[in-house]
Amino acid sequence: QVQLVESGGGLVQAGGSLRVSCAASGGTFSNYRVGWFRQAPGKEREFVTAISWSGANTVYADSVKGRFTISRDNAKNTVYLQMNSLKPEDTAIYYCAATARVGFRYQQNEYDYWGQGTQVTVSS
C-alpha cells in the first residue's frame, strides 16, 4: 500500500513559477510510475504529466508541454512538478497518483494510489 502526500501549492502571479512535490511512503516507490492530474473548479480531472519508474521517460499534456517538468528522486521517494510560465488557466487542485501498470497511463482509473491534492492558484 502506497501513501502519497502532495505539498508546495500556493498562490502565484501569472508568468511565475511553482514547484509541487509528491512524497510517497509504504511501498517500493521505484516500482511505480507516477502521474500528475489536475482538477479546476467545475471541470473534470485531467491528465497533466507522468514519469517512468526510473525517471528516464516522461509524457506531458499539450497544454503544459514546454512549461512544466516532472522529475523524481527515488532515493527520497519523491516526485516533483516544476511549473513555469504559469497561466490563470493552470489554477486547479493538483493530484499525484501512482500505478504499477506497464506503460504510460493517462486515465484516472489506471492509477491505484492517490494523494489528497494541493491547491495551485494563478492570479492574472
Side-chain angles (χ1 to χ4, degrees):
Q1 191 83 0
V2 175
Q3 291 82 45
L4 303 173
V5 178
E6 301 95 335
S7 62
L11 174 64
V12 63
Q13 288 188 334
S17 298
L18 201 63
R19 188 178 81 162
V20 293
S21 302
C22 173
S25 61
T28 304
F29 186 57
S30 58
N31 288 346
Y32 294 88
R33 294 175 181 262
V34 175
W36 285 94
F37 290 74
R38 66 186 182 185
Q39 188 167 19
K43 295 188 177 181
E44 293 187 354
R45 195 172 299 187
E46 64 176 2
F47 173 82
V48 177
T49 180
I51 191 165
S52 62
W53 299 301
S54 67
N57 297 295
T58 57
V59 291
Y60 296 90
D62 287 344
S63 58
V64 306
K65 200 172 294 183
R67 300 188 298 121
F68 289 13
T69 302
I70 188 173
S71 61
R72 69 189 296 165
D73 185 340
N74 286 338
K76 296 183 178 180
N77 288 349
T78 302
V79 170
Y80 305 98
L81 179 62
Q82 177 67 43
M83 302 181 287
N84 298 329
S85 302
L86 282 161
K87 305 175 181 180
E89 51 263 44
D90 294 318
T91 295
I93 299 174
Y94 283 72
Y95 299 90
C96 67
T99 179
R101 292 172 171 84
V102 175
F104 281 114
R105 303 291 170 168
Y106 303 89
Q107 304 301 320
Q108 297 180 58
N109 60 7
E110 296 177 304
Y111 286 79
D112 304 302
Y113 305 102
W114 289 83
Q116 82 289 348
T118 186
Q119 176 71 49
V120 172
T121 303
V122 184
S123 64
S124 57

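Note that the coordinates shown come from a computational prediction; the quantities given were computed from them, not determined experimentally.
Between the CD atom of Gln108 and the CD atom of Glu46 there is a distance of 10.0 Å, given to the nearest 0.5 Å. Rounding to the nearest 0.5 Å places OG1 of Thr49 at 10.0 Å from CH2 of Trp36. One distance of note links CG of Asn77 with SG of Cys22; it measures 10.0 Å at 0.5 Å rounding. With rounding to the nearest 0.5 angstrom, the CZ atom of Arg72 is 9.5 Å from the CZ atom of Arg33. The line from OH of Tyr32 to CG of Asn74 is 12.5 Å long, rounded to the nearest 0.5 Å. Atom OH of Tyr106 sits about 5.5 Å away from atom CZ of Phe47, to the nearest 0.5 Å.
Closest heavy-atom contact between Val34 and Cys96: CG1-CB, 4.5 Å. Contact between Leu4 and Ala98 at its shortest, heavy atoms only, is CD1-N, 3.8 Å. Shown here for Gln3 and Gln1, the closest heavy-atom pair between the two residues is NE2-CG, 3.4 Å. Taking every heavy atom of both residues into account, Ser123 and Leu11 meet most closely at CB-CD1, 4.3 Å.
With hydrogens and angles ignored, the 3.5 Å screen pairs no side-chain donor or acceptor of Gln116 with any backbone N or O of Val5. One N or O on the side chain of Thr91 and one on the backbone of Val122 form a donor-acceptor pair closer than 3.5 Å.
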request  = Could you go through the side chain to side chain contact (heavy atoms under 4.5 Å, CB included) check for Ser52 and Phe104 one step at a time?
outcome  = CA-CA 7 Å; Ser52 62; Phe104 281 114; 4.2 Å; yes
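Under the rule for a salt bridge (charged side-chain N to carboxylate O under 4.0 Å, His left out), the partners of Asp112 that lie at least two apart in sequence or sit in another chain are Arg101. Listed by chain and residue number, nothing satisfies the salt bridge (charged side-chain N to carboxylate O under 4.0 Å, His left out) test with Arg45 (two or more places apart in sequence, or in another chain). Applying the ring-ring contact (aromatic ring centres under 6.0 Å, His included) test to Tyr111 and every residue at least two apart in sequence or in another chain returns Phe37. For Glu44, there are no side-chain contact (heavy atoms from CB on, under 4.5 Å) partners at least two apart in sequence or on another chain.
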N/O donor to acceptor pairs below 3.5 angstrom from side-chain atoms of residues 78-90, sequence neighbours left out:
from	atom 1	to	atom 2	distance (Å)
Thr78	OG1	Lys76	O	2.8
Gln82	NE2	Asn84	OD1	2.9
Asn84	OD1	Ser17	OG	2.9
Asp90	OD1	Arg38	NH1	2.9
Asp90	OD1	Arg67	NH2	3.0
Asp90	OD2	Arg67	NH1	2.7
Asp90	OD2	Arg67	NH2	3.4
Asp90	OD2	Lys87	N	2.8

Which donor-acceptor pairs under 3.5 Å do the side chains of residues 55-65 make with protein atoms, sequence neighbours left out?
from	atom 1	to	atom 2	distance (Å)
Tyr60	OH	Ile70	N	2.9
Asp62	OD1	Lys65	NZ	3.1

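Phe68 and Tyr95 fall into different hydrophobic clusters, defined by Ile, Leu, Val, Met, Phe, Trp and Tyr side-chain heavy atoms under 4.5 Å apart, directly or through other members. There is a path of hydrophobic side-chain contacts, each under 4.5 Å, that joins Leu18 to Ile51.
Looking at heavy atoms from C-beta onward, Val102 lies in side-chain contact with Trp53 at the 4.5 angstrom threshold.
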